[in-house]
Structure formats: C-alpha cells, structure tokens
Number of protein chains: 2
Amino acid sequence: MTAIASANAVAEIAALIGDPARANILSALMTGRALAAGELACAAGVSPQTTSGHLAKLTEARLLSVEQQGRHRYYRLASPDIARAVEALMTVAAAGVPRHRPAGPKDEALRTARSCYDHIAGRLGVALAASLCRNGRILLADGAGAITEDGWRFFAAFGIDPGADPRSRRPLCRPCLDWSERRPHLAGRLGLALLSRSLELGWVVPVSDSRALRITGAGHRGFVGRFGLSPDWPQGREGAQEF
Amino acid sequence: MTAIASANAVAEIAALIGDPARANILSALMTGRALAAGELACAAGVSPQTTSGHLAKLTEARLLSVEQQGRHRYYRLASPDIARAVEALMTVAAAGVPRHRPAGPKDEALRTARSCYDHIAGRLGVALAASLCRNGRILLADGAGAITEDGWRFFAAFGIDPGADPRSRRPLCRPCLDWSERRPHLAGRLGLALLSRSLELGWVVPVSDSRALRITGAGHRGFVGRFGLSPDWPQGREGAQEF
DNA sequence: GGGATGTTTCGGCCGCGGCCGAAACATTGG
DNA sequence: CCAATGTTTCGGCCGCGGCCGAAACATCCC
C-alpha cells in the first residue's frame, strides 16, 4: 500500500516536528549552524535530559545529524530537505494567523533579512531573487531555477562559483518560498554561495541567538550598487510585481 | 519571543498532520479534489465519528475547507500551501526511508482488491477501469467520466443500470485515484453498481474486519471472460500504460 | 586522580488525545 | 410524517509519550 505507507511515514515525520520542544529545536537549527545539546535545551525550553530524548528521536529519524567534539555533541539539520519542510510548515502556520500584527522589533528584523538554513531569506532574500531574475542573471520557474550565461559571468565577478564541487547533488539554483514574504527567494548551492560571500564581505552579519541578519552599511551599498536593489530598500517592496 | 511563537505555530500544524488518520485524510485530498466525510473515513481507516473529529480539527486550523451539498459535506485542502507542506514532508519521509518493503500478506490482500467507500479499489479496481476504458465502455478524463453507448448496453447485459435513480446527485461515473496503484479506479454510481453486482454474483466476497475483497474462482473467470482482464491477473499490471 | 561540566539513561508520574459505541441531528425521498 | 442515509456530538476508556529527578557516563582541566 504505497500511498498509505507514505501517508504514515509523513505522519511519523510530522509528529516528530509536531512537538513544541522539538519544533523549537528544529527552528533553532534553521540557521544551518550546528548547536550543542545544552544550547538546544535552552532553545527548546525544557530540561537537558528531556532534550536528550528529543534529540535522540530526531537523530534516529534522520532529521538531525550529530557530531561529537570533546564533551559536546553538536546537532544540525540532516539535510536541506528538512529545512524546506519546516519552512513550508512555517508558511502554512503564518497563513493560518492572518492578522497577528504585534510585529515587535525582533520580528521586524527577521522579516527584513534572515538566514534560512544556509541561504538568505526575508525581504533581502526575496529582493535579491527578484532583482537577479529581472536582470537576467537567473531564471526561476515553479520549482526549479537556472543560471544564465550572463549570470555565470556576474557571479564569477562577485567572487563566487556555485558550480564548484560538482559532486554535490544539491540543486544549483532553486526557488524556495519565503514564509514571511510569500514570494520566492534563492536556495540551492547558489543561495549558499551568496550568503557565504555576503558574510565574507561583511555585507550582512548574523544577529546572535537569532536567525536574523543585520545588513551593514557596506552591505546596503553593495546590494544596491551591484545587485540593483532600489536605494530606499528595505522599506520598499522591491520588485513586488515580479511573481 | 517571536521565534518561539512561530515554532509553536509550526508544532501545532505539524502535530495536526502528525496523526496517521489525519495524514491519510490529507494524503487522500492531495489530488485537489473534494471528498465527502464518509469517503475520507474510508480513506483514513477509522470510523466516521472519529473522522468527524479529525475533520473538525483540520477545518478549525484552516488546513481544510468544507462545503455542504445536501447531506454530504465535501472537504478539500484549504490552499496549495497545505499541499506543498505535505509534499515537503513526503520528500523528507521518502528520503528518510530509502528502502522499506515489508508488505505483509494483509497488505498484499488490500493491494489486490478492496472496497473503497462503496466501490472497488486496488489492482482489481484499476484493472477494471483500464479495461472498460480500453474496450470503449467508458471514457475517463482528468476528473470526470462518462459511459458510452456501447457501455450502456454492456452494463445492462451485466445486470446493472447505473442510470436508475437519476435523482441522485452523485456523479454517474468518475475516476478516483487509487492510493496503492496511483492510477484511477471507478467511483460514482457506476462504481457502486459494479461492486454491488459483483458481490451479488459472488465474484468477490468481503474479508471480515478488513476492507479487503477476496476474488472467488467464479469472480476470476467472470472478470477475465466478461471484462477482458488478462488471465494471469492479478499478477500482471493490467493495462499499465493506459494513463 | 579528583572535581567540574556536558550529556545520556532510567524510572515513574500524569495528562492529552485518539478511539469507538450510542445517540442526536440533518437532509432527502417516499 | 416516517424511514434511510450521512454526519456530528457525547461519554468513557485507555495507552502513548512528554516531563522531570536521580544517577550514571563521558570528557576536560587542574
């Protein structure tokens, strides 16, 4: 019973995510960074021993991978698929709460720019994707994407080569629906490379204890100058009509 | 703490999906079609009253929408986002369990032939639909179906008249995606009539405490002789190319 | 070695929630 | 109005699983 078995498998995965403590753990790992068990216990808001049980389950189910370093054990999301699934659930959850606009400053920071697993999300991520698309650097279709000839030159000039490490089975360039903006941002190896390079250049810096990214002055100038984002960004809804 | 709030919202959604019965319901609705509560009970494998509770929860959480038609209540996925989330979970589930083919005898019986609500599903149901289609008794399109002139004569000769009781609002003939085969079988009043008549003729008998149907010797001869199923059925994948 | 720190295992408590039978409610058709 | 059918509500049972305290490991540092 293929479909039934698959539905039950879905239920298993969803049930794992469907516990507040575990959802907090996964959420904390959405940055793509690895965190130690103790940090995750803090993030989850439950005791270390309870967290240990949760981590064992998540690892057993291959949602997390773990590596030991001394007396610490560092956990991270086992694959981008996991991040994508959690993000999809966030989209649904966000849609389910249509008007809930307290929107504290922290929330606003997350909406402006954040890391999603290993790439850039939030208004910055969406604006970059839209701008790259508009300028013919990439093509984004429903669930797939590609880099144009011009795009390859552009990215090389920016100092990244998403084609490197061709052994990787990860898609080169694919859209990922942004839960706060409900429009696509860039994932895949290109998304990864863009985030790494932006961090390297100091265009964005991670906000501690958060997935939020702070855009520096240099970053603002860079995104506007090189990527063609409008100067009054991030207030405007850059390319809001693109999709 | 926005991040925690959002994680809890994710947990809520995931917990809803994380019950086998509800996952089956969502899975059954992944085609995008609306299904009645009773059909979903059949799909979920639990009683109608239990299903009712699940449907209420899913609807309350805006995962499903419902519309009433007479004494039926038709449920469908509330948005494509929901389907995307379920699909993302399926991706994770599929990746997490690369090979897992136990397929016990009970499972095999269900795959061979079972009742779905009030019509025949499983390999038998799919083979019948394919054969009827191939021989020009019926036409099946994406979400609708029809009986041909020849088909009416054929079904009358078989001893059923799906046109009787024209007041019924149920569709006469419509395809229903089979979970185990992933290809359509026959539902609607024609599907109902086919199952009733097959039971009447003793071609199939219900297996107690199961949705499985056992195909009798007479049934095997009948399905082969009258409906043109290949004699080595149900081993072969009758008309596997039809759709 | 010994003590501090990080992590897991064990054991037991407890409540949430899924399940079904019975029955009520709703709609349709006769 | 009554009977049949589809759906929901109610009530009660029961087990799964999350939680924590205590304690056992594991590792590091002195």
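We name chains A, B, ... by the order of the sequence lines, and we start the count at 1 in each one. What you are looking at is a predicted structure, and each value in this text was computed from that prediction instead of being measured.
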How many angstroms lie between NE2 in B/His72 and CD in B/Glu39, if you round to the nearest 0.5 Å?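 Spacing of NE2 (B/His72) from CD (B/Glu39) equals 8.5 Å.
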
Would you compute the distance between atom CG of B/Asp150 and atom CZ of B/Phe155 and round it to the nearest 0.5 angstrom?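 Reported to 0.5 Å precision, the distance equals 9.5 Å.
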
Verify the contact: side-chain N or O of [X] to OP1 or OP2 of [N], cut-off strictly under 4.0 Å; return yes or no.
X       : N      : value
A/Tyr75 : C/dT8  : yes
B/His72 : C/dA26 : no
B/Lys57 : C/dG18 : yes
A/Arg73 : C/dG6  : no

Round to the nearest Å and state the distance from [X] atom [atom1] to [N] atom [atom2].
X       : N      : atom1 : atom2 : value
B/Leu35 : D/dT7  : CG    : P     : 11 Å
A/Glu60 : C/dT9  : CD    : P     : 12 Å
B/Glu39 : D/dG6  : CD    : P     : 10 Å
A/Leu55 : D/dG18 : CG    : P     : 13 Å
A/Glu12 : D/dC16 : CD    : P     : 15 Å
A/Ile25 : D/dC19 : CD1   : C1'   : 13 Å

To the side chain of A/Ala36, which of C/dT8, D/dT8, C/dT7 is closest?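 Looking only at heavy atoms from C-beta outward on A/Ala36, the closest nucleotide is C/dT7.
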
Measuring only between side-chain heavy atoms, which start at C-beta, is A/Pro80 closer than 4.5 Å to A/His119?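 Answer no - side chains too far apart.
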
Pairwise 5' ranking along DNA chain D for A/Val46 and A/Gln68, keeping only the more 5' one: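 Comparing both residues, the 5'-ward one is A/Val46.
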
Could you run down the sub-3.5 Å N/O contacts of the protein with nucleotides 21-25 of chain D?
residue : atom : partner : partner atom : Å
D/dG21  : N7   : A/Gln49 : NE2          : 2.6

Kindly assign one of parallel, tilted or perpendicular to the pair B/Phe227 and B/Phe223, based on the angle between their ring planes and the thresholds 30° and 60°.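 Judged by the thresholds at 30° and 60°, the geometry between B/Phe227 and B/Phe223 is tilted.
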
Passing option when B/Leu40 is tested against B/Leu35, B/Leu58, B/Leu26 for side-chain contact (heavy atoms from CB on, under 4.5 Å):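 It is B/Leu35, the one option of B/Leu35, B/Leu58, B/Leu26 that forms the side-chain contact (heavy atoms from CB on, under 4.5 Å) with B/Leu40.
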
Would you mind telling me which of A/Leu16, A/Leu64, A/Leu55, A/Thr51 makes a side-chain contact (heavy atoms from CB on, under 4.5 Å) with A/Arg22?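 Output: one option passes, namely A/Leu16.
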
With A/Thr59, which residues qualify under side-chain hydrogen bond (donor to acceptor under 3.5 Å, both in side chains), at least two apart?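 Here no residue qualifies.
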
Going by side-chain contact (heavy atoms from CB on, under 4.5 Å), name the residues that satisfy it together with B/Thr216, two or more places apart in sequence or in a different chain.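 Listed in chain order: B/Val205, B/Arg214, B/Ala218.
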
Those residues that, when tested against B/Ala156, pass side-chain contact (heavy atoms from CB on, under 4.5 Å) (two or more places apart):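 Once residues adjacent in sequence are excluded, B/Ala156 has no partner under the side-chain contact (heavy atoms from CB on, under 4.5 Å) criterion.
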
Sub-3.5 Å donor-acceptor pair from the side chain of B/Asn135 to the main-chain atoms of B/Arg137, do we have one?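 No: the side chain of B/Asn135 does not pair with the backbone of B/Arg137.
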
Say whether, by atom type as modelled, one donor and one acceptor occur between the side chain of A/Arg76 and the main chain of A/Gly32 under 3.5 angstrom.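 Indeed, once roles are kept as given, a pair shorter than 3.5 Å links the two residues.
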
Nearest heavy-atom pair of A/Ala85 and B/Ala88: which atoms, and what distance?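 Closest heavy-atom pair between A/Ala85 and B/Ala88: CA-CB, 3.7 Å.
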
Rounding to 10 degrees, work out the angle separating the end axes of the helix from C/dG1-D/dC30 to C/dG30-D/dC1 (five pairs an end).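 The angle separating the two end axes equals 30°.
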
Got a sec? Which of residues 14-23 of chain B come in under 4.0 Å of DNA chain D, heavy atoms?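 Output list: empty, so none.
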
